[in-house]
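Before any comments, here is the structure.
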Amino acid sequence: MITGFEGFLGSNLTRALLPSGAGIFGLDIRVRRKDTILTPADYKKIKVIKGSVTDYKLLEKIIVKNKINVIFHLAAEAIVGKCHADPLKAFSTNVKGTWNLLEACRKAGTVQEIVIASSDKAYGAHKELPYKEDAPLIGRHPYDVSKSCADLIACAYAHTFGLPVAVTRCGNIYGPGDFNFSRIVPDAVRCALTGRQLLVRSDGLFTRDYVFVEDIVNGYITLAEKLRKLGLNGDTFNFSDEDPKTVIELAEMIFRAAGEDPNYRVLNRAKYEIKHQYLLSSKARKTLKWKPRFTIKAGLKRTIAGYKDHLNYKKERGQS
């Protein structure tokens, strides 16, 4: 089962798993949305379930009835600004949704691997960089705190009840299929391809990891495959390319990769965001034998091509 299967990461993970022949149950609060990389042919191979992870009875029913044995929990309120505007929704989806899922798994007793999608934001702001997995979880704002809490709940279920659950913390994921244009990569790519000026919310000097979605998908699948074999219950893994960039550096790379001169304006209006945040992924590289295959240049090239195809598709269908 993949919760949040129609989102950016969820849709990429779903497509990667389809060739395996596994029976895939996709749960999402919105289904068959227009902006997704999933095709009509893909949907025919998925058992689509519309619903929320805040609905405990629904989760219990899906897991028990279908004898689910592997779960990727990606469903979340993931946009920082939305979480700040509606913290109750953020806490309900991200925190309650996680304990609902884990409790349903505990009761069912059939689930063999659970991978929980967390974030580098769970660490909060630290002076010592890059973040290692043993850094304290000290989120201060709604999204960050929701992820800190969900991580600790996963840890409790692993160590108290022996639930086979592991947590991933990733840098900023980018690539084809991300249609949330409030994020820097899709926004910058769209601006570069359509001749618009990019408006940078921050001062442009915020530093982040940027990891190509295919590398993250590979990390999730690898973790699920090795979770029981290596006894990784309650463990946490950072996934990063260990090549952090400032927002301005990234924006200029995107414009140039699209064959355009950089065109952006710095607004310096960002609030409640951590200024410098990036991860050390040596644990994943050593324990899981995972490493990113895409440099940021190669990833951006694939990303821009994907958005070009998407924009051309929308034009053909008469969409703006």
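Along the sequence shown, residues are numbered consecutively beginning with 1. Only heavy atoms go into these numbers, but all of them, side chains included; no hydrogens, no water, no symmetry mates.
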Who are the side chain to side chain contact (heavy atoms under 4.5 Å, CB included) partners of Ile29, not counting sequence neighbours?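 Ile29: side chain to side chain contact (heavy atoms under 4.5 Å, CB included) contacts with Ser52.
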Pairing of [X] and [Y] as salt bridge, 4.0 angstrom limit:
X      : Y      : answer
Lys50  : Asp28  : no
Glu103 : Lys107 : yes
Asp120 : Lys147 : no
Lys291 : Asp241 : no
Asp55  : Lys57  : no

Indicate the ring-plane relationship of Phe294 and Phe212, choosing parallel, tilted or perpendicular according to the 30° and 60° boundaries.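 Aromatic pair Phe294/Phe212 classed tilted.
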Enumerate, atom names and distances included, each donor-acceptor pair closer than 3.5 Å involving a side-chain atom of residues 59-70, sequence neighbours excluded.
from	atom 1	to	atom 2	distance (Å)
Glu60	OE2	Tyr56	OH	3.3
Asn66	ND2	Ile62	O	2.9

If you measure only the distance, is there a donor-acceptor pair under 3.5 Å linking the side chains of [X] and [Y]?
X      : Y      : answer
Asn238 : Ser281 : no
Glu242 : Tyr278 : no
Ser182 : Asn180 : yes
Glu133 : Tyr123 : no
Tyr220 : Thr168 : yes

For Tyr210, enumerate each residue passing the ring-ring contact (aromatic ring centres under 6.0 Å, His included) test, keeping only those at least two apart in sequence or located in another chain.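 Partners of Tyr210 by the ring-ring contact (aromatic ring centres under 6.0 Å, His included) criterion come out as none, since no residue qualifies.
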Between His126 and Tyr131, is the ring centre distance below 6.0 Å?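 Aromatic pair counts; centres sit under 6.0 Å.
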